Amino acid sequence: MSTFTVVGAGLAGLAAAVTLTDRGHDVTVLEQSDGVGGRVRTDEVDGYLLDRGFQILLTAYPVAQRVFDYDALDLRRFDAGSFVQLDSGRVRVGDPLRRPGDLFETVQAPVGSLIDKTRLLQWRRSVMAGTVDDLWRKPECTTAARFADLKFSDDFVDQFLRPLFAGITLDPDLLVTSRFTEFVFRMLGTGFGAVPLNGMGELGKQLAGRLGPNAVRLSTPVTSVEATSVQTAGGEVIESDAVIVATDMGASSALTSTPTFEWNSVTTHWFSSDVAPFEERLLFLNGTREGSVNNVAVMSNVSPRYAPPGKHLSAVSIPGDVDAGQDLTAIRSQLRGWFGGAVTEWELLRTDVIRHAQPRHLPGEAVPATARLDSDVFVAGDHRYNPSINGALQSGRAAARAALEFANQR
């Protein structure tokens, strides 16, 4: 049996620790914060469940399907499709391939043209072809350039594609690599967006529960790492057969001198109301090209645990411009235009300003990156693969396998 130290109890670090534990090895996970999950955590506030910003799990993520017990998480799904707010009012864009009853309404919806919708189906068929790995080997460009190559109209991009993918990639400028966008589109086409019954924080808790009772040490910052040892802020030196650094991108660079990318940011306002702005389990997208709000989700429609009985919880998200995301007067005005005067009575529970929400993954960036550094320290995280829950899990498992091989060779 070998011993391993994992720095960071986010999803990548926990996936690495679980991989090693399942193979019978001794793992210690050191986490500087007071809980597991990294950027994927949930807080209970006055009976409401507030995730750290609006987040969902795409159930088709291939590594997530292998790592998580979906039944135990009691996943609650968003319905396929979305509401789109236009200048003329709200329309529904469904997924006729999975919900044939949505066909007429979707075809008639004044979102883009019939040609745009035909091209969307053609694009969907192309991203479904072959394997997921094939998508990551395709020639890449910005997502905006990819949409132009597909000949989507500007109206269709601005009304539907931009707000849809900005809500997931946090990149309203569509500069993210087309490979990532096509991966996300495939995941949307083969699975659903979902949240655990008790919030997104259950993902990290489930993984941590598969480790030994004392495997995770919280509130334990690490100040330096070497191939077989780490030093904590308290001066403790912990020896092991290999070390995996699975912190976020900035902390990882400080400990290992690995390169960093830019960050995508997001602001999420959590509102309580007596009446939900809509009853469906759909994501609401801003297709008007006006105002800062990109998407709204009524989380209590999806999982009733997100709000106390008789109350509703809405997540209002603004990706990108953090300053615009904090102009609450403008945001309430925009929401009133969509949902009526009842918005005036909505109670703001919390605002999450997340400047470091996702690593920005632009075309030409060399990912996935190797787990083993020249120093023989191993690195994992969504910044090493792609900025998604799946990328974090995949990176953690790859780092665990590489570290185990290194330990076996010593």
Side-chain angles (χ1 to χ4, degrees), residues 1-40 63 67 204 207-261 356 359 366-385 391-410:
M1 180 178 72
S2 299
T3 60
F4 297 87
T5 304
V6 177
V7 182
L11 296 186
L14 293 172
V18 166
T19 300
L20 294 166
T21 299
D22 286 350
R23 298 187 183 191
H25 299 286
D26 183 31
V27 183
T28 298
V29 182
L30 306 177
E31 167 59 40
Q32 69 171 352
S33 75
D34 61 355
V36 301
R39 282 167 279 149
V40 185
V63 183
V67 170
L207 295 181
R210 293 172 56 182
L211 306 176
N214 300 310
V216 179
R217 293 175 52 182
L218 301 176
S219 302
T220 308
V222 168
T223 55
S224 64
V225 300
E226 296 183 6
T228 59
S229 68
V230 305
Q231 182 168 329
T232 71
E236 179 184 7
V237 175
I238 300 173
E239 302 283 348
S240 58
D241 292 302
V243 174
I244 299 173
V245 174
T247 62
D248 71 21
M249 180 169 57
S252 177
S253 179
L255 288 171
T256 65
S257 298
T258 50
T260 62
F261 311 119
H356 296 164
V367 289
T370 180
R372 183 174 175 177
L373 304 180
D374 291 341
S375 62
D376 291 332
V377 172
F378 297 83
V379 181
D382 60 354
H383 56 285
R384 306 293 290 179
Y385 265 63
L393 298 172
Q394 188 173 9
S395 177
R397 286 160 60 87
R401 292 191 293 267
L404 182 56
E405 180 180 0
F406 170 76
N408 288 338
Q409 293 172 350
R410 295 186 66 234

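Just so it is clear, the model here is predicted, and its values are computed rather than measured.
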**OP:** Go through Val67 and Leu11 one step at a time and tell me if the side-chain contact (heavy atoms from CB on, under 4.5 Å) criterion holds.
**Re:** CA-CA 10 Å; Val67 170; Leu11 296 186; over 6 Å; no
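- In this structure, Ser395 contributes its side chain and Gly381 its backbone to a donor-acceptor pair below 3.5 Å.
- Taking CG of Asp248 as the reference point, atom NE2 of His383 lies at 7.5 Å (rounded to 0.5 Å).
- The shortest distance between side-chain heavy atoms of Arg39 and Asp382 falls below 4.5 Å.
- Across all non-hydrogen atoms, the minimal contact from Glu239 to Ser229 is OE1-CB, 3.5 Å.
- Thr256 has its side chain out of reach of Ser375: every pair of non-hydrogen atoms, C-beta onward, lies at least 4.5 Å apart.
- The shortest side-chain heavy-atom distance between Gln32 and Val222 does not fall under the 4.5 Å cut-off.
- The two residues Ser240 and Thr3 make their nearest non-hydrogen contact at CA-OG1, 3.4 Å.
- The backbone N or O of Gln231 lies less than 3.5 Å from a partner atom in the side chain of Thr223, making a donor-acceptor pair.
- Annotation: the span from Thr19 atom OG1 to Arg397 atom CZ amounts to 5.0 Å, rounded to 0.5 Å.
- With respect to Phe4, the side chain to side chain contact (heavy atoms under 4.5 Å, CB included) criterion is satisfied by exactly one of Asp26, Val243, Leu404, Thr28: Leu404.
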**OP:** Start with the C-alpha gap between Glu236 and Leu30, add the side-chain angles, then the distance that decides, and say whether side-chain contact (heavy atoms from CB on, under 4.5 Å) holds.
**Re:** CA-CA 12 Å; Glu236 179 184 7; Leu30 306 177; over 6 Å; no
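- Judged purely by atom type and a 3.5 angstrom limit, Ser253 has no side-chain atom pairing as donor or acceptor with the backbone of Met249.
- The line from CZ of Phe406 to OG1 of Thr228 is 7.0 Å long, rounded to the nearest 0.5 Å.
- The backbone N or O of Leu218 lies less than 3.5 Å from a partner atom in the side chain of Thr220, making a donor-acceptor pair.
- Leu14 places a side-chain heavy atom less than 4.5 Å from the side chain of Leu211.
- Annotation for Ala15 and Leu207: closest pair N-CD1, 4.2 Å, computed over non-hydrogen atoms.
- In this structure, Glu226 places its CD atom where only 12 or fewer heavy-atom neighbours from other residues, nucleotides or ligands lie under 6.0 Å away.
- For the residue pair Tyr385 and Ala398, the shortest heavy atom distance occurs at OH-CB, 3.5 Å.
- Ser252 contributes no side-chain N or O that, together with a main-chain N or O of Thr247, makes up a donor-acceptor pair within less than 3.5 Å.
- Looking only at side-chain heavy atoms (C-beta outward), Val7 and Leu255 come within less than 4.5 Å of each other.
- In this structure, Asp376 and Ala227 approach most closely via the heavy-atom pair CB-CB, 3.7 Å.
- Looking only at distances, a side-chain donor or acceptor of Arg384 sits under 3.5 Å from a matching main-chain atom of Thr370.
- The heavy-atom pair separating Ala12 from Ala246 by the smallest distance is C-CB, 4.2 Å.
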